[in-house]
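All of these numbers come straight from a predicted model, not from anything done at the bench.
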Amino acid sequence: TLFRSRGGKMDHKKEQQKQQAARAAADYIKEGMTIGLGSGTTSRYLIREAGKRYGQGLHFYGIATSRDSEQLAASLGIPLLEPEQAGKIHLAIDGVDEIDREFRAVKGGGGALLREKIIASWAEEVIWIMDESKLVERLGAFPFPVETVPFGMPFVKRRIADMGAVPALRMGDGKSYLTDSGNFILDVQFAENTDISQAAEQIRNMPGVVETGYFGQMCSRIAAGTSSGVKVMENPHRAV
């Protein structure tokens with residue numbers, strides 16, 4: 001099985017697998033589309049691949065989910081749209097931190113979860129790309145990101161701790177990490193048998209929480225780089 005048990009280790013060439021997955025996903029970019037460009041290490045491969053294809057004459061627009069992705073895409077000549085300029089978003093392509101066999105994902109390790117969720121929600125199709133270590137039997141090994149407004153953070157932190165979870169304020173360069181939208185992130189470790197979807201809903205309803213890193217069955221398909229090539233899997237659960 002491709003999906004590994006929690007805590008299982010896979011020591012494969014992750015970067016190569018990410019690159020293969022990005023290449024497979026780039027095949028879905030068609031002439032004239034508007035593409036949601038994800039954030040993080042796997043998405044960087046996708047943006048580079050998309051830039052290469054743009055240079056070869058495939059025309060499309062990008063809408064980036066983070067400043068980093070925006071800068072990379074612009075440097076490769078991809079024309080970028082602001083939200084108010086974008087009509088339809090035809091396709092969003094992004095990485096994940098972990099995903100289970102029900103196609104439920106956790107994202108936000110790179111801090112762009114809010115913009116990533118906005119773009120994925122508006123896109124007609126969504127492809128998650130990854131190396132095979134991201135395929136898990138059970139969500140919860142990766143710290144669960146919760147984006148909060150600064151004023152609400154102490155209250156949210158206390159409320160999450162009351163749920164029996166362990167929230168930690170994300171730090172960067174010795175100070176509180178700030179998202180592109182100027183918010184804080186709490187990285188939450190849940191108890192072993194927590195139902196992540198229920199916990200995410202409970203947290204999402206707390207005043208002060210802007211968004212969580214739980215991305216339910218949002219993707220149309222996934223492209224996973226594996227030791228035996230890229231596996232593309234369609235999501236049968238996706239509500240259209």
With ring-ring contact (aromatic ring centres under 6.0 Å, His included) as the criterion, how do F103 and W128 come out once you've worked through the C-alpha distance, each side chain's angles and the decisive distance to 0.1 Å? CA-CA 10 Å; F103 293 85; W128 298 148; over 10 Å; no

Starting from the C-alpha separation in whole Å, work towards a yes-or-no answer on salt bridge (Lys or Arg N to Asp or Glu O under 4.0 Å) for E125 and R221. CA-CA 8 Å; E125 281 192 73; R221 63 182 63 85; 2.8 Å; yes

Take D187 and R170 through the salt bridge (Lys or Arg N to Asp or Glu O under 4.0 Å) test and state the conclusion after the steps. CA-CA 6 Å; D187 287 310; R170 186 178 297 184; 2.8 Å; yes

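Distance alone, capped at 3.5 Å, places no donor-acceptor pair between the R101 side chain and the R138 backbone. Using a distance-only test at 3.5 Å, with no hydrogens or angles considered, no donor-acceptor pair links the side chain of T42 to the main chain of M130. In this structure, E132 contributes its side chain and S227 its backbone to a donor-acceptor pair below 3.5 Å. Proximity of a side-chain donor or acceptor of T179 to a complementary backbone N or O of N183 within less than 3.5 Å is detected.
The pair K117-E211 meets the salt-bridge criterion, with a side-chain N (NZ, NE, NH1 or NH2) lying under 4.0 Å from an Asp/Glu carboxylate O.
In this structure, L72 CG and S66 OG are separated by 9.0 Å, a value rounded to the nearest 0.5 Å.
Remark: aromatic rings of F60 and Y54 are close, center separation under 6.0 Å. Aromatic rings of F144 and F190 (six-membered ring for Trp) have centroids within the 6.0 Å cut-off, being under it.
Exactly one of L80, I63, T65, D94 qualifies for a side-chain contact (heavy atoms from CB on, under 4.5 Å) with L37. That residue is L80.
Judged by the 6.0 Å and 45° rule, K18 forms no cation-pi pair with Y45.
Under the 4.5 Å side-chain criterion, counting only non-hydrogen atoms from C-beta, R53 is not in contact with I29.
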